[in-house]
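In what follows, a single structure is set out as structure tokens and then discussed.
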There are 2 protein chains.
Amino acid sequence: MERRATIKDVAEAAGVGVATVSRVLSGGSASPQTRERVLAAAAQLDYRPSALGRNLRQRRTGGMGLLVPDLTDTFHAQLAEGVLAYARSAGEHVVLGSTAGDPEQESELIGMLLEQSVDRLIAVPSGDEETWAPAIRAGMTVVFADRLPARPSSDDDPSTTAVNDLMLLDGLSSAVRPRPLDVPSVLADDRAGIRTAVRYLRGLGHKRIAFLGGPGHDRRVTAFREAVGAPVDEELVVFGTGSRDSAYAAASGLFQSRPDLSAVVAGGNVLGEAAVLAARELDLRVPRDVSLVMYDDVPWAELCSPPLTVIAQPGRDMGYRAAELVLRSGGRRPRGVVLPTELIIRGSCGPHR
Amino acid sequence: MERRATIKDVAEAAGVGVATVSRVLSGGSASPQTRERVLAAAAQLDYRPSALGRNLRQRRTGGMGLLVPDLTDTFHAQLAEGVLAYARSAGEHVVLGSTAGDPEQESELIGMLLEQSVDRLIAVPSGDEETWAPAIRAGMTVVFADRLPARPSSDDDPSTTAVNDLMLLDGLSSAVRPRPLDVPSVLADDRAGIRTAVRYLRGLGHKRIAFLGGPGHDRRVTAFREAVGAPVDEELVVFGTGSRDSAYAAASGLFQSRPDLSAVVAGGNVLGEAAVLAARELDLRVPRDVSLVMYDDVPWAELCSPPLTVIAQPGRDMGYRAAELVLRSGGRRPRGVVLPTELIIRGSCGPHR
DNA sequence: CTGAAAGCGCTAACAA
DNA sequence: TTGTTAGCGCTTTCAG
């Protein structure tokens, strides 16, 4: 690798000082002729400013980090494409990490980004607020996408609720709970999406509607409970851990333990996939025996027979907006964004029989 | 963002010189007690060495770049997951770019990586060898995955074939063609995969087998032609440009213009998707009216009715191996790797009728 | 075994 | 408008 030209080389070639080169190249003021000469010299030497020097000087790497649980989940891929699209238009780079939904890996990746001085980060979080506190404390600009980190359970670690004698108690509550992270986010309107789906199924005559959830689907479950109304049949609310296998296990278990259910709402495309597979395996026909609506619109939803009715969320847009937020938050702390979902009716839901 | 501790802070706290801290932290030699004190001070200050300083000093950013055409193509997502997995295990980071199959964007991204001094790059290339020459010349270690850049067409630019009077002609051929890029690669055994698929279809009695290709599928088309044997019915070999729309158009056009075809081999999962959609739209039943085998095994292949027969290539492994290659090529120029494919027979192929 | 010092390439004061 | 200079945080000779 032959040494690349440095700013010094350009300065010499143009017969000016390095500062002038820097100025010209970053659009500062300079006399037309100086500018001309610098530009010529730079072109001549095929000069490309090194981000290394600049980064060190400015104590920060440009670009942004992007942390998702799993790229083979098409929704995350869509989100990533959105982020990349905005980043490209802004001339910034993206450092990608995939966490497998594991808070520990997430922490490590945050640490890695910190080490690289990447101080902007978009994440589909897996860990809870405790996982994320270090990043915030370190001064990273963080934007959450698709979901928020869980509040740490208040009785998780009793020792933290013990009175610390150096701590100024404001006498409000005995359980001292940190206040929620103040981080902007780009979310889909899960509540509306789920509600619409449940109402749709209700309108079709379904009474026993199940919810198949995964990690990070808390807001969706809550919306589901709310939409079906009390009393909620808790056996009809089941969870996988994020992997395709566990999603399949959850779906299959659900179908087998509650053959009386007539519809299921899958909280994400991996769970929807599992539901279709499990139903087929158990010889349940969709929608004859069971109606299915899946969160996430993905290209293959249309390939199923029948094509899947879905709650579409704009994955790509969400990524795009998140990147926009994380790059343009100039000191301000913009509040998050909630994007609309849409119920796309295809063929996987039928009347209750 | 409160200033992070620097190596200097640690040195002071430990009462040693910065060089000593550097040595201890990178496993150099030091007396046990010195080491102890440095480690203690570092822990105490929560010191994390900044990659910025190190990078500048070593004139290179660690990590690697990864360029793929489109992450929502599940194969690329699998590949990316493989790369990320190896990178994580090696403690390296990954800068991701998506090119949309556009050589120009690819060039820009290469430029961006060069600017960041990322000198290792894994790519599913879209541009031809000319696009890639700059990266190689700049001294990047590149590894191609899934496919190789096309050789530039020799009659592309007639001026390059003119005799340059400063050029030493070795008198071999009049058309001076640059020799192929010497870049290691991780490929699937396309030839075997396609051949197996074609033989399988032949065995089922199919005579008019079509190939639905996309950008970068040259090796697959060649294998296809070879497998079906001369004379090849050229109307049965059609291409999309990479987008889902164009894939659909190609598939639909193929089915409509040649209703006599009885089987199609899709060169990638996006094309397979398009074929399924187009067939359904035209009321062609799979496999009754047309048999389909798709390159790439993706989770949704099993969701189709009937489940798709596929030529599986190990996307994740390919990414993993590529990352391994790009990181461990210590000066050596390892030859590439070819991984086996597997024909997974599901339900989308039937006997010719 | 350890420390002092010289940069890596760049930008931002500060002077001229 | 320009040039000079002082670092950013780190590694790495080179002396001691």
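By convention in this document, chain letters (A, B, ...) are assigned in the order of the sequence lines, proteins followed by strands, and residues within each chain are numbered from 1. Here the structure is a predicted model, which means the values were calculated and not measured.
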Taking OP1 and OP2 of [N], is either one under 4.0 Å from a side-chain nitrogen or oxygen of [X]?
X       : N      : result
A/Thr20 : D/dT1  : no
A/Ser31 : D/dT1  : no
A/Ser26 : C/dT11 : no

Notebook entry, point to check: Below 4.5 Å, heavy atoms only, C-beta onward: do A/Val16 and A/Thr34 meet side chain to side chain?
Noted result: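 The answer is yes; the side chains approach within 4.5 Å.
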Q. Do B/Ser98 and A/Glu81 meet the criterion of a side-chain donor-acceptor pair at a distance under 3.5 Å?
A.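 A donor-acceptor contact under 3.5 Å links the two side chains.
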Discussion item. Please report the interatomic distance NE2(B/His93) to CD(A/Gln116), rounded to the nearest 0.5 Å.
Written reply: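 So the gap between those two atoms works out to 4.5 Å.
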Compare the minimum distances between each of C/dG3, D/dT12, C/dT11 and the side chain of B/Arg23, then state the nucleotide with the smallest one.
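So the side chain of B/Arg23 is nearest to C/dG3.
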ask   = Under 6.0 Å from the CD atom of B/Glu36, do we count more than 12 heavy atoms belonging to anything else shown?
value =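 Counting other residues, nucleotides and ligands, CD of B/Glu36 stays at 12 neighbours or fewer.
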Spacing of A/Leu25 atom CG relative to C/dA12 atom C1', expressed in whole Å: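 That distance rounds to 16 Å.
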**Message:** Let's go through B/Tyr320 and B/Val83 carefully: what are the C-alpha distance in whole Å and the side-chain angles of both, what is the deciding distance for side-chain contact (heavy atoms from CB on, under 4.5 Å) to 0.1 Å, and is it a yes or a no?
**Reply:** CA-CA 5 Å; B/Tyr320 195 90; B/Val83 170; over 6 Å; no
Can you name the one residue among B/Thr6, B/Val10, B/Leu39 that meets side-chain contact (heavy atoms from CB on, under 4.5 Å) with B/Val21?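 Among B/Thr6, B/Val10, B/Leu39, the one that satisfies the side-chain contact (heavy atoms from CB on, under 4.5 Å) with B/Val21 is B/Val10.
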Give me, pair by pair, the N or O atoms of the protein and of nucleotides 5-9 of chain D that are less than 3.5 Å apart, along with how far apart they are.
{"unit_1": "D/dG7", "atom_1": "N2", "unit_2": "A/Arg57", "atom_2": "NH1", "d": "3.4"}
{"unit_1": "D/dC8", "atom_1": "O3'", "unit_2": "A/Arg59", "atom_2": "NE", "d": "3.3"}
{"unit_1": "D/dC8", "atom_1": "O2", "unit_2": "A/Arg57", "atom_2": "N", "d": "3.1"}
{"unit_1": "D/dG9", "atom_1": "N2", "unit_2": "B/Gly53", "atom_2": "O", "d": "3.0"}

Practice item. Name the nucleic acid region contacted by A/Gly28, choosing base, sugar-phosphate or nothing; use a 4.0 angstrom heavy-atom cut-off, strictly under. Key: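 If one applies the 4.0 Å heavy-atom cut-off, A/Gly28 turns out to touch nothing in the nucleic acid.
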